[in-house]
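Keep in mind it's a predicted model, so treat the numbers as computed, not measured. Naming: A, B, ... by sequence-line order, numbering from 1 per chain.
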Amino acid sequence: MAGKPKLHYTKGRGKMESIRWLLAAAGVEFEEEFIETKEDLEKLRNDGVLMFQQVPMVEIDGMKMVQTRAILSYIAAKYNLYGKDLKERAWIDMYVEGTTDLMGMIMYLPFQPADTKEKNLALIIERATNRYFPVYEKALKAHGHDYLVGNKLSWADIHLLEAILMAEECKPDILSAFPLLQAFKGRISNIPTIKKFLQPGSQRKPPADEKFIAVVRKIFNI
Amino acid sequence: MSGKPKLHYFNGRGRMESIRWLLAAAGVEFEECFLETKDDLTKLQKNGSLMFQQVPMVEIDGMKMVQSRAIANYIATKYNLYGKDLKERALIDMYVEAIIDLNELLMIHIFQPADKKEQHLATIVDKATNRYFPVYEKVLKDHGQGFLVGNQFSRADVQLLETLLMAEECKPDILAKFPLLQSFKARISNIPTIKKFLQPGSQRKPPLQEKDVPKVMKIFH
């Protein structure tokens, strides 16, 4: 029995958000079970459903999948968002690892010591502007296509859009030097499944506020 | 023109070692270009060879591949070390991602400040023996086969062996409670390509010594 994928995580972005994006972009409906307390996490652990005692965990196709990248790779391959051959996969993997690094920096920002926040935010902006965005701007310029790889929507495009929107939350005009990324953002946001996900009421999660960060710290003991 | 893959990194394990293991296990000969100084890294950054200005970088099949996971995925698929279908890939990915997590802990150990080293070692041993090794011991016990996934040699086996050996370098008896991992270790070590890689004179790198840490820090910082 297949049923809808079921996501186990806190009611926030964290490491699960990229998975929500990918499922949504693929037009796959999914359910969510939220971990609200330390006890909720302990229960999952005691039930033996978390292979390495960690979330994200996604129940999908009879498996209880863990490890964010494993889950994302599975979904991307299953829904034809992983390129048409080995070489396209290689490019998608390289691009996705870059956006993963950038989004990872943004995700951990609220958990850094308060006195380093300003410096870390500056580093995020510097990296986004000098290390990451130029690569994707150049890729789009070089082939002139609408999508990053193989002239077709892939995981790389969805992940890049997610990263762009997160970076803009850090600095609204962060794309000012990147006209092709601005056009890319407009274009990918208009894909029907993604447009739907970007509307209020979808399963997309907002950025974490102070109160939520405190809850997360308690649940995961960090 | 293909030629042999060419690896760009410093002369140590770091994030390139798993790639060396995978190529060696697949029986693929490779060349290495070592970064010795910050200038070596800057030169690569300036000539546009590094997509995100970072190493590892591997020249392979006409590409300058970066990002260790992307490189490992490519090599594993190309040399049939990635399972036979999507479900086997999923299992391999889950196992490998956890191994990478443990590897990260092992890799950064040498860079810990002196007053944090002991506690960090305790964390490594705790995670290895309570979170990670029991999973692989159970996998092997449940299916009774020689390899982790699909009764066939895969990157999961290669990367688990690599990590078991690194963990033993931290604590020689760390596998004491895991008899199946002990026999797994012996069995996989005996695969001809791997046996060759484990012999002196191969391209396998030794653990970083305290005295080498400043040199490595200078290249990257």
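Contacts between R89(A) and chain B at a heavy-atom distance below 4.5 Å involve the side chain alone, from C-beta outward. When heavy atoms are compared at a cutoff of 4.5 Å, R89(B) approaches chain A solely by way of its side chain, counted from C-beta outward. Contact of N130(B) with chain A is not made at all, since no heavy-atom distance falls under 4.5 Å. N130(A) does not touch chain B: none of its heavy atoms, backbone or side chain, sits under 4.5 Å away. Looking at Y82(B), neither its backbone nor its side chain comes within 4.5 Å of chain A, counting heavy atoms on both sides. For K78(B), the parts lying near chain A are the backbone and the side chain together; criterion is any non-hydrogen pair under 4.5 Å. For chain A, the nearby parts of V66(B) are the backbone and the side chain; heavy atoms of each come within less than 4.5 Å. Contact of V66(A) with chain B is made through backbone and side chain together, with heavy-atom distances under 4.5 Å.
Counting heavy-atom pairs under 4.5 Å between each of Q53(B), M65(B), K138(B) and chain A puts M65(B) at the top.
Checked for salt-bridge contact, K205(B) and E32(B) meet the test: a charged N lies under 4.0 Å from a carboxylate O. The existence of a salt bridge linking D173(A) and K171(A) is confirmed by a sub-4.0 Å separation between a basic side-chain nitrogen and an acidic carboxylate oxygen. Between R13(A) and E169(A), at least one side-chain nitrogen of the basic residue sits less than 4.0 Å from a carboxylate oxygen of the acidic one, meeting the salt-bridge criterion. One finds a salt bridge joining E168(A) and K185(A) here, because a Lys/Arg side-chain nitrogen approaches an Asp/Glu carboxylate oxygen to under 4.0 Å. Between D61(A) and K78(A) there is a salt bridge, since at least one side-chain N of the basic residue sits less than 4.0 Å from a carboxylate O of the acidic one.
Relative to the six-membered ring of F34(A), K11(A) meets both conditions, a distance below 6.0 Å and an angle of at most 45° to the axis.
Here the two rings, on F10(B) and F34(B), have centers that are 6.0 Å apart or farther.
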